[in-house]
Amino acid sequence: MHDPGIYALIQLMPTVLRPPSWALWAAATALDDLADQPDAKQTERAARVEAWTHALQRDLAAGASTDPVRHALVDTSLRWHLDLSSLQGAMTSTLDDVRGRHLTDWAAWRSWCNEGIAPWVDQVLHLFERAGVPMTLRLDRQQDYRRFIDGAQLTDTLTDLSADLAQGLLLLPQEALQTYPRAEEDLRQRRWSPATAALIRELTALAREWLTRPAMTTGMHPGAATVLDTAASLMRAQLDAVDAAGPTLLKHAPHPSLIARARVLAPARLRSSLAWSLTPLALPGPRRPSVTASDPSLAADDTAFRPPPAHPSGAVPPQIAAEQMPFHVAIIMDGNGRWAQQHGLPRPQGHRAGTAAVHEMVYGALEIGLRHLTLYAFSTENWKRDAEEITTILEAIRRDLDAGPLRDLDVRQRWSGHPDKLPQELVQALMREERRTRTRTGLTLTVCINYGGREEITRTAAALAQAAQAGDIDPHLIGEDDFTRHMPQPDMPNVDLLWRTGNEQRTSNFLPWHATYAELHFTPDYWPDVDRRDLWHALTTYCRRSRRYGNAARVPGPPGS
Ligand code: FPP
């Protein structure tokens with residue numbers, strides 16, 4: 001936000017693209033600021049960058065953040081269906097920058113640019129694409145695009161030379177420095193000399209050439225082309241300022257004059273406002289199920305996801321009015337062991353068979369447009385079972401995650417439970433799928449593994465106690481919302497319908513906080529025998545219930561109530 005050039009550039013974008021662009025820019029700048037803090041030691045700066053990056057991962061999985069910059073980024077990724085996983089590489093690269101870089105030649109320098117900047121630029125390209133004006137980069141122009149990014153990075157490095165040198169950084173390749181003997185030594189000593197002057201002149205010329213890529217925007221939407229062309233012109237004006245700075249380049253960052261900037265921006269503003277006024281832009285679709293029972297055509301723009309396979313019988317979901325649909329269904333998948341016994345099989349076979357029923361529930365939930373489905377796969381009490389059975393259940397889950405039968409569906413996968421005692425490979429697979437699917441907006445599938453309701457409540461109470469001890473919350477004012485905010489899954493909605501198969505009528509330590517007002521549904525079939533039609537039946541049964549929440553008359557529950 002310190003850079004007026006960026007401000008001007010974002011103003012050239014169509015109005016709908018400005019907030020998401022700001023969110024991306026703010027995140028990139030926040031990270032950069034943490035990496036560059038002049039008053040902090042190197043190890044401290046590295047720790048701050050690392051903590052910010054981890055916090056972002058957590059926030060993306062949770063879909064919200066308490067930090068405004070991260071929240072804007074998380075919200076943008078959800079609203080614009082952006083997959084931010086590619087930014088991970090850019091963040092790791094920033095961390096490596098803090099730890100110190102040694103760039104031997106231009107090839108090493110280029111791959112540094114590519115990992116650090118390209119993922120951010122790609123996100124802006126995705127935004128344009130989502131808005132219906134793809135900045136189509138033809139394959140034969142990829143080279144231009146890469147050069148353009150190199151040019152941007154070199155301009156930035158030359159502009160920030162004084163600040164970097166103050167931190168002992170010289171982010172130029174040895175190959176370039178060696179062309180002018182003594183230039184490196186002089187720069188590090190912050191001495192302006194004929195060698196440094198010649199080096200800077202050569203580098204600005206190189207950056208100017210890299211930034212001048214007229215073919216890159218040929219055939220592009222005129223508004224999008226204006227943004228890119230103007231970015232190039234502003235950077236060339238910046239390079240003029242670097243050239244004109246002379247010895248002061250080693251003291252502070254140079255900037256182009258207001259007149260030089262206005263000469264670029266005034267015609268660009270005219271061109272872009274004309275171009276965008278002629279183009280209707282698409283906002284990304286609202287967050288909704290990929291397929292709804294009442295209007296399957298609503299799934300039209302989610303073409304990247306495949307629809308769930310149809311039930312072999314050809315059964316289709318019943319029509320349920322939106323206001324009657326439960327928002328969150330939770331299932332205790334009981335009866336695997338007895339199913340196996342009934343079929344003369346060892347108990348572990350029952351759990352393997354139960355995995356197919358899990359897929360069926362997901363297909364059924366997608367087809368009918370359910371928003372949240374939570375499954376009880378392994379409780380904290382299940383550790384009391386035979387070691388072989390425990391291994392089979394946990395292995396069945398991991399194998400299923402690796403096989404990925406749900407991967408191409410519009411399903412956001414999450415897990416709830418304590419990682420302690422769980423096999424490392426399983427935890428890794430769960431985290432991987434959470435990351436991979438976090439921007440999906442169809443069904444949220446939460447699998448509870450090593451989950452215990454009382455353990456969850458105890459953990460939350462401990463988190464609240466800590467917050468109170470730290471003075472972040474007044475214990476006298478703690479309300480239910482504060483409790484929810486401190487839960488391990490703060491955005492888990494309340495359960496509307498809790499269904500248990502296997503002919504048992506208990507809730508067995510499953511979601512006690514969230515299910516206090518849930519309608520209960522108990523069915524006799526063993527879990528491996530149920531399919532999506534049983535889910536649909538449970539939903540129609542639910543529609544006939546009268547939910548009163550302590551009132552005398554039926555109260556329509558808000559989503560997630
Ligand atoms: C309860 O039946 C079931 C379990 C403890 C395990 C459930 C796990 C799965 C179905 C695998 C989940 C897979 C994925 C992909 C999420 P039980 O063994 O208590 O049956 P019983 O009461 O008949 O003994």
Side-chain angles (χ1 to χ4, degrees), residues 308 329-366 370 372-409 411-419 421-423 425-434 436-437 443-453 498-511 522-532 534-535:
V329 174
I331 309 179
I332 302 176
M333 311 182 282
D334 196 14
N336 289 349
R338 280 166 286 160
W339 179 91
Q341 269 167 354
Q342 196 183 52
H343 289 76
L345 298 165
R347 281 179 64 84
Q349 289 289 358
H351 301 306
R352 292 200 189 102
T355 306
V358 167
H359 303 158
E360 263 297 298
M361 284 316 129
V362 171
Y363 302 152
L366 279 168
L370 182 67
H372 283 263
L373 178 67
T374 300
L375 304 176
Y376 205 4
F378 191 87
S379 74
T380 42
E381 289 69 37
N382 287 150
W383 292 109
K384 294 178 199 147
R385 295 189 180 199
D386 191 69
E388 190 198 336
E389 186 172 342
I390 294 174
T391 308
T392 309
I393 298 174
L394 300 180
E395 265 296 294
I397 301 172
R398 190 190 59 78
R399 285 212 185 128
D400 197 64
L401 289 166
D402 287 349
L406 309 178
R407 200 166 281 160
D408 302 335
L409 303 170
V411 178
R412 179 168 67 140
Q413 295 191 51
R414 310 175 78 175
W415 73 290
S416 179
H418 210 289
K421 297 209 279 188
L422 288 177
E425 311 82 71
L426 174 61
V427 175
Q428 295 290 337
L430 289 163
M431 283 165 54
R432 182 193 68 220
E433 290 311 311
E434 263 191 1
R436 195 202 296 272
T437 62
L443 171 73
T444 296
L445 171 69
T446 307
V447 181
C448 294
I449 306 169
N450 196 18
Y451 172 91
L498 176 60
W499 170 24
R500 180 175 191 143
T501 60
N503 216 16
E504 303 287 356
Q505 307 204 347
R506 311 181 272 280
T507 58
S508 302
N509 202 15
F510 187 38
L511 301 172
F522 299 108
T523 55
D525 289 338
Y526 299 145
W527 177 251
D529 283 332
V530 302
D531 66 28
R532 69 188 90 176
D534 299 289
L535 172 68

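Reckoned from all heavy atoms, side chains included, excluding hydrogens, waters and symmetry mates. Start at 1 and go down the list; that is how both ligands and their atoms are numbered.
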In the protein, which heavy atom is nearest to atom 15 (C) of ligand 1, and how far is it? D400 OD2, 3.3 Å
Shortest protein heavy-atom distance from atom 22 (O) of ligand 1, along with the residue and atom involved: D334 OD1, 2.9 Å
Checking H351 against N336: is there a side-chain donor and acceptor pair closer than 3.5 Å? yes
Measure N382 to ligand 1 on non-hydrogen atoms and call it side chain, backbone, both or neither using the 4.0 Å cut-off. side chain
So, E434 and R414, do they make that salt bridge, N to O below 4.0 Å? no
Rounded to the nearest 0.5 Å, what separates atom CD in E381 from atom OG in S508? 8.0 Å
Does only the side chain of Q341 get under 4.0 Å from ligand 1, or the backbone, or both, or neither? Count heavy atoms. neither
Protein heavy atom at shortest distance from atom 6 (C) of ligand 1: A377 O, 3.2 Å
Hey, is the main chain of D334 close enough, under 3.5 Å, to the side chain of T501 for a donor-acceptor pair? yes
For atom 10 (C) of ligand 1, find the nearest protein heavy atom and state the residue, atom name and distance (0.1 Å precision). N336 ND2, 3.4 Å
Does G335 have a heavy atom less than 4.0 Å from any atom of ligand 1? yes
Around atom 16 (C) of ligand 1, find the nearest protein heavy atom and jot down its residue, atom name and distance. V447 CG1, 3.9 Å
Look only at interatomic distance and state if A396 has a nitrogen or oxygen under 3.5 Å from any nitrogen or oxygen of ligand 1. no
To atom 17 (P) of ligand 1, the nearest of R385, Q413, E504, M333 on a heavy-atom basis is R385
Check the pair W339, D525 against side-chain hydrogen bond (donor to acceptor under 3.5 Å, both in side chains), reporting the backbone distance first and the verdict last. CA-CA 9 Å; W339 179 91; D525 289 338; over 6 Å; no
Taking all heavy atoms of M361 and all of D531, pick out the closest pair and write down the distance. CE-O, 3.3 Å
Walk me through it: do V411 and T437 pass the test side chain to side chain contact (heavy atoms under 4.5 Å, CB included)? CA-CA 7 Å; V411 178; T437 62; over 6 Å; no
Can you find an N or O of R347 that's nearer than 3.5 Å to an N or O of ligand 1? yes
Ranking I397, L406, V362, L445 by closest non-hydrogen atom to atom 14 (C) of ligand 1, top hit is I397
Check the angle between the aromatic planes of Y376 and F510 and answer parallel, tilted or perpendicular using the 30° and 60° thresholds. parallel
